Amino acid sequence: MSRPTYYITTPIYYVNDKPHIGHAYTSLACDVMARFKRMQGFDVHFLTGTDEHGQKIEQAANKAGIEPQAFTDEVSQSFRALADDMGYSHNDFIRTTEERHKKGVQALWQRLADAGTIYEGGYEGWYAVSDEAFYNEDETEVREDGKRYAVASGKEVEWVVEPSYFFKLSAFEDRLLELYESQPDFILPASRRNEVISFVKSGLRDLSISRTTFSWGIPVPGDDKHVMYVWLDALTNYITALGFPNQDEGGAYNRYWPADLHMVGKDILRFHAIYWPAFLMAADLPLPKRVFAHGWWTNEGQKISKSLGNVIDPYALVEKYGLDQTRYFLMREVPFGNDGDFSAKAMETRMNADLANAYGNLAQRVLSMIFKNCDGQMPTPGALSAADETILASSLACLQTVSDHMERQAFHRALEAVWGLVSEANVYVDDQAPWTLKKTDPERMKTVLYVMANVIRRITLLAHAFMPTSTDKLLTFLGETKREESQGYGFDGFAELIAPGLAIDKPSGVFPRYVAPQEEA
């Protein structure tokens, strides 16, 4: 029996600089979603990669004194390394300099041309090289230095006059508005959807989709004086990675497209929610099901910028705090979709209060008692009390609650639900006091420990997509087995209880308390 598919993508990252916390954050959100979907039994395809063409890349390579291809080879590798080092479970990594991509992009261009949605003309207007984006006059401003900047990004714009091919974007205004109206969850969160609708209603201009003033790009079919606009090139990666233009039955495109979720930062929402669906409409190809635009991080209340020297290095976070601790904080601290502030104090509080104390200590004390007092085996329970039934029911119901939040990429809500269960479990343990029952009613102690072992197992399965390394250790202690290495753990046996008599290893702490270096004795 074939499994349902789920296709999720990060944006492909622009290789003009080394990766930072924003790249890690977007990919982490996709990784959590991909892992959770695999646990639900989906055949998941998780794509990431790098965007390697455009004027900005050509300029950066020239500044470095090397050829653009050599430059992109080096920087792209740093993004691939980040994905590997952060433990992301992507299935594919695409580069726009690969032949499979070039072939697919040129095929899409030809479909757009054949549909009569491309025409030749000349472009005059404001262009931001740093954004690789065109701006209307009212989207720019002149500042005190006398230079003109894009209001949205703060990047300098220049007046460009050059021959260009255009895409008839204006012809798709009504169809795009109909899309947003008929599929209100096509863009999430809702605040971003409203921004896009407002922009489209203000009127769309045809889009310049080729450049002639530089050569680092994919040549336009039949006119190699032009290279394709980098965003037409970049957006098409979502289908070229699946083998487009091959749409044969049984191929990856036929299997996974349309995408279930494009995850992007809010700064590139317009490209994904307006340009991309318009290109697909023109080419008579299915549209993705959702574009989710998350917010930006600040650092201790300050906007992150290289000039301020406060760029957050994801490697430094992991080295200081741990990989799973970093993953948990980034997904828990801020309502996903909003802007958020990174604070070392908040990070350390989450680590100690949520992970070490509430969750880690709960698991350690329960599993240690089982190992010491039940001959290293899962105890055989007696009759369940009302309190036992209540906590088991709560843990079972939590899966549906978490799943509902995950469907809308409300990662913070999902974790709030899990930690609500952690809190309930701690109250149950304190009320039942198995350490006292050890002396007064050993059989009841076994029942309490058995109930709690099952609750901890369910908590750990629910947390696994967020913190796979740490929870893997706990699930091993609890005798949980993976379905298969490619699929990992699953929710298919979530309602089942652990078999009494199952041998467990001596547990060890999974979430140590964080002690700042200056606090060490």
Side-chain angles (χ1 to χ4, degrees), residues 325 328 349-399 401-402 415-464 467 470-480 493-515:
Q325 288 85 347
Y328 175 80
T349 298
R350 287 283 184 199
M351 289 174 65
N352 289 335
D354 294 6
L355 299 181
N357 293 351
Y359 178 31
N361 186 52
L362 171 70
Q364 179 67 11
R365 58 178 174 164
V366 168
L367 296 179
S368 292
M369 281 201 73
I370 292 174
F371 187 80
K372 292 177 182 178
N373 300 292
C374 303
D375 299 322
Q377 296 179 347
M378 199 59 60
T380 300
L384 299 182
S385 69
D388 302 337
E389 298 279 10
T390 297
I391 189 69
L392 285 171
S394 292
S395 65
L396 187 59
C398 197
L399 174 58
T401 302
V402 170
L415 286 172
E416 284 174 5
V418 177
W419 257 256
L421 179 58
V422 170
S423 178
E424 186 178 349
N426 274 301
V427 170
Y428 169 88
V429 169
D430 289 342
D431 287 347
Q432 299 301 317
W435 44 89
T436 300
L437 292 171
K438 176 183 175 181
K439 300 176 182 178
T440 61
D441 191 346
E443 291 306 309
R444 175 61 188 160
M445 174 201 73
K446 292 179 181 179
T447 301
V448 169
L449 293 176
Y450 179 76
V451 167
M452 277 314 304
N454 281 282
V455 172
I456 291 168
R457 168 182 168 270
R458 289 173 178 170
I459 289 169
T460 307
L461 284 168
L462 291 169
H464 182 64
M467 299 181 291
S470 303
T471 54
D472 191 82
K473 294 177 183 177
L474 275 175
L475 290 169
T476 300
F477 293 148
L478 291 162
E480 188 74 12
F494 191 80
E496 298 172 5
L497 299 178
I498 302 170
L502 176 73
I504 66 168
D505 295 329
K506 183 178 181 179
S508 58
V510 173
F511 296 108
R513 284 187 57 81
Y514 178 80
V515 179

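Since the structure is predicted, the reported quantities are computational estimates derived from the model, not experimental observations. Side chains are part of it too, since the values below use all heavy atoms of this structure and drop only hydrogens, waters and symmetry mates.
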Do Y328 and M351 have side chains that approach each other closer than 4.5 Å (heavy atoms only, starting at C-beta)?
no

Mark yes when over 12 heavy atoms from residues, nucleotides or ligands other than D375 sit less than 6.0 Å from its CG; otherwise mark no.
no

Kindly determine whether T460 and E480 satisfy side chain to side chain contact (heavy atoms under 4.5 Å, CB included), including the steps that lead there.
CA-CA 10 Å; T460 307; E480 188 74 12; over 6 Å; no

Would you say Y359 and L474 make side-chain contact, with heavy atoms under 4.5 Å?
yes

Side chain to side chain, L392 and V455, heavy atoms closer than 4.5 Å
yes

Contact between N426 and N361 at the side-chain level, heavy atoms closer than 4.5 Å - yes or no?
no

For K372, give me all partners under side chain to side chain donor-acceptor pair (under 3.5 Å), at least two apart in sequence or on another chain.
none

Between M452 and L362, is any pair of side-chain heavy atoms under 4.5 Å apart?
yes

Minimum heavy-atom distance A383-R444, with the two atoms named:
O-NH1, 4.2 Å

Please check if the side chain of N357 supplies one atom and the backbone of N352 the other of a donor-acceptor pair under 3.5 Å.
yes

Applying side chain to side chain contact (heavy atoms under 4.5 Å, CB included) between Q432 and each of V451, V448, L449, report the one that passes.
V448

Test item: Y450 and L497 side chains (from C-beta on) under 4.5 Å apart, heavy atoms:
yes

Please enumerate all residues that pass side chain to side chain donor-acceptor pair (under 3.5 Å) together with T401, with sequence neighbours excluded.
none

